[in-house]
Amino acid sequence: MKRKLYWKITVGLALFLAILMFTPVVIAPGKTDPKLFSMPYTFWVSILITILIVVLTYVGGLLYLRDEEKNN
(Lines give C-alpha, C1' and ligand atoms only; values in the text may rest on other atoms or scores of the structure.)
Protein backbone atom coordinates (compact mmCIF):
# COMPACT_ATOMS: atom_id res chain seq x y z
CA MET A 1 0.00 0.00 0.00
CA LYS A 2 2.88 2.36 0.77
CA ARG A 3 4.38 1.81 -2.66
CA LYS A 4 1.21 3.05 -4.34
CA LEU A 5 1.36 6.18 -2.22
CA TYR A 6 5.05 6.67 -3.05
CA TRP A 7 4.28 6.09 -6.73
CA LYS A 8 1.53 8.73 -6.69
CA ILE A 9 3.80 11.20 -4.90
CA THR A 10 6.57 10.57 -7.44
CA VAL A 11 4.22 11.06 -10.38
CA GLY A 12 2.75 14.18 -8.81
CA LEU A 13 6.18 15.71 -8.23
CA ALA A 14 7.27 14.90 -11.78
CA LEU A 15 4.15 16.53 -13.20
CA PHE A 16 4.63 19.56 -10.96
CA LEU A 17 8.24 19.96 -12.14
CA ALA A 18 7.22 19.54 -15.79
CA ILE A 19 4.61 22.26 -15.43
CA LEU A 20 7.03 24.46 -13.48
CA MET A 21 9.49 24.36 -16.40
CA PHE A 22 7.16 26.45 -18.55
CA THR A 23 6.13 29.06 -15.99
CA PRO A 24 7.66 32.49 -15.44
CA VAL A 25 9.47 31.04 -12.41
CA VAL A 26 11.93 29.37 -14.79
CA ILE A 27 11.40 31.20 -18.07
CA ALA A 28 11.56 34.77 -16.85
CA PRO A 29 11.89 37.19 -19.78
CA GLY A 30 15.12 39.14 -19.55
CA LYS A 31 16.12 37.70 -16.17
CA THR A 32 19.75 36.61 -16.05
CA ASP A 33 20.57 37.22 -12.39
CA PRO A 34 21.49 35.46 -10.17
CA LYS A 35 24.23 33.76 -12.14
CA LEU A 36 25.81 30.47 -11.13
CA PHE A 37 29.15 29.48 -12.66
CA SER A 38 28.61 32.22 -15.28
CA MET A 39 25.35 30.58 -16.40
CA PRO A 40 22.17 32.68 -16.55
CA TYR A 41 19.32 31.98 -14.17
CA THR A 42 17.07 30.24 -16.70
CA PHE A 43 19.82 27.83 -17.77
CA TRP A 44 20.92 26.65 -14.34
CA VAL A 45 17.36 26.38 -13.00
CA SER A 46 16.45 24.27 -16.05
CA ILE A 47 19.45 22.00 -15.41
CA LEU A 48 18.45 21.63 -11.75
CA ILE A 49 14.85 20.73 -12.61
CA THR A 50 16.05 18.26 -15.26
CA ILE A 51 18.27 16.53 -12.69
CA LEU A 52 15.32 16.33 -10.29
CA ILE A 53 13.12 14.78 -13.01
CA VAL A 54 15.82 12.19 -13.76
CA VAL A 55 16.03 11.28 -10.06
CA LEU A 56 12.24 11.01 -9.85
CA THR A 57 12.24 8.79 -12.94
CA TYR A 58 14.81 6.51 -11.31
CA VAL A 59 12.80 6.32 -8.07
CA GLY A 60 9.59 5.71 -10.01
CA GLY A 61 11.26 2.95 -12.00
CA LEU A 62 12.40 1.23 -8.82
CA LEU A 63 8.92 1.46 -7.32
CA TYR A 64 7.25 0.22 -10.48
CA LEU A 65 9.63 -2.72 -10.94
CA ARG A 66 9.16 -3.84 -7.35
CA ASP A 67 5.41 -3.69 -7.82
CA GLU A 68 5.66 -5.78 -11.02
CA GLU A 69 7.81 -8.39 -9.25
CA LYS A 70 5.14 -8.79 -6.57
CA ASN A 71 2.43 -9.37 -9.17
CA ASN A 72 4.39 -12.15 -10.94
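Along the sequence shown, residues are numbered consecutively beginning with 1.
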Rounded distance (nearest 0.5 Å) linking atom OG1 of T57 with atom CG of L62: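 Those atoms lie 11.0 Å apart.
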Atom pair CZ (F43) and CG (L48), whose distance is rounded to the nearest 0.5 Å: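 It is 12.5 Å, given to the nearest 0.5 Å.
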Cut-off 3.5 Å, no hydrogens considered: what does the side-chain donor-acceptor table look like for residues 8-25, sequence neighbours left out?
| from | atom 1 | to | atom 2 | distance (Å) |
| --- | --- | --- | --- | --- |
| T10 | OG1 | Y6 | O | 2.7 |
| T23 | OG1 | L20 | O | 2.8 |
| T23 | OG1 | V25 | N | 3.4 |

W7 (side chain) donor-acceptor with K2 (main chain) under 3.5 angstrom: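 Checking the backbone N and O of K2 against the side chain of W7, no donor-acceptor pair under 3.5 Å is found.
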Under 3.5 Å: donor-acceptor pair, side chain of T42, backbone of V26: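 At least one qualifying donor-acceptor pair exists.
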Hydrophobic cluster membership, L56 vs V54, 4.5 Å side-chain cutoff: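 No; V54 is not reachable from L56 via cluster members.
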Residues K4, L63; criterion side-chain contact (heavy atoms from CB on, under 4.5 Å); working and verdict: CA-CA 8 Å; K4 286 187 179 184; L63 291 171; over 6 Å; no
